[in-house]
Amino acid sequence: MTDTRSESSEEPPGNLPRHIAIIMDGNGRWARERGKTRITGHRQGAESVRVVTTACARKGIGQLTLYAFSTENWKRPRSEVSALMRLLKRYLAAERGTILDNNIRFTTIGRTQDLPEAVQEELREVKRLSIDNSGMVLCLALSYGSRREITDAARKLAIDVKAGKLDPDSITEDSFADYLDTAGMPDPDLVIRTAGEMRLSNFLLWQASYAEIYVTQTYWPDFREDELDKALDAFAKRKRKFGAVDLRT
Ligand code: IPE
Ligand code: IPE
Ligand code: MG
């Protein structure tokens, strides 16, 4: 029997990243170029979240982490922040079925306790319903900032040292990572940023130390499966060395 799997659009050639993290940027610019409100751009972006999440689950990606709201995004006008929170609540209610149908386990990183109670309730519910799912992990970064996360980890570590539970000499990179919001998660192999900006904007600074970075000019509301495939193709061509010498070249 002929094996046609390599020709399938479902399976990009080469290695698949185990963990993809995406900085979903450009909703505002997408809207402005169309004479629409910023929130219309965010709404269109939520549609990309649905498409990209199901595509990643189907392709066998282990984890997808989406930067949805940063600690710095609280500085935006109150009207935009509350519109984003309403959209998030609606997204969680609407996508619950998609998450469960695709065997996805839902989780979050970031200070979710800062979010409106109605959003927190939806988050708890989707986490609870999907906790036993064995497929892809979908992680939303909400009220997330890497410096805040690392500072909190240092504080928790200091508390444990002070309480006599931890010997400072025993602290390793791995044990430090257990104090981060991402404890137990693999590091991202691929970080995608849409809308062209060449920066991390306080996203996964510790975890992305050796991630491959892929930046596309495409705005997040236009980032759909074809764009995801381009990013996966680019990743498959990268040579990862982790500081060592590749003796095969
Ligand atoms: C990303 O789009 C969404 C969030 C940060 C919540 P932006 O709203 O940052 O879009 P631009 O950068 O203004 O185009
Ligand atoms: C990064 O986008 C944060 C999220 C995608 C949630 P921003 O639009 O907030 O980043 P900056 O301000 O361009 O660095
Ligand atoms: Mg932006």
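Whatever order the structure lists them in is the order used to number ligands and atoms, beginning at 1.
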- R29: numbered ligand 1 atoms lying under 4.0 Å from its heavy atoms: 11 (P), 12 (O), 14 (O)
Protein heavy-atom partner closest to [atom] - residue, atom, separation in Å:
| atom | result |
| --- | --- |
| atom 1 (C) of ligand 1 | M24 O, 3.0 Å |
| atom 6 (C) of ligand 1 | A68 O, 3.4 Å |
| atom 14 (O) of ligand 2 | S201 OG, 2.6 Å |
| atom 4 (C) of ligand 1 | R76 NH1, 4.0 Å |
| atom 2 (O) of ligand 1 | N27 N, 3.2 Å |
| atom 9 (O) of ligand 2 | N73 ND2, 2.9 Å |
| atom 12 (O) of ligand 2 | R199 NH2, 4.6 Å |
| atom 7 (P) of ligand 1 | D25 OD1, 3.5 Å |
| atom 10 (O) of ligand 1 | G28 N, 2.9 Å |

- Message: Suppose we only allow N, O or S atoms; which atom of D25 ends up nearest to the Mg ion (ligand 3)?
- Response: OD1
- Item | Side chains of S48 and R224, donor plus acceptor under 3.5 Å | yes
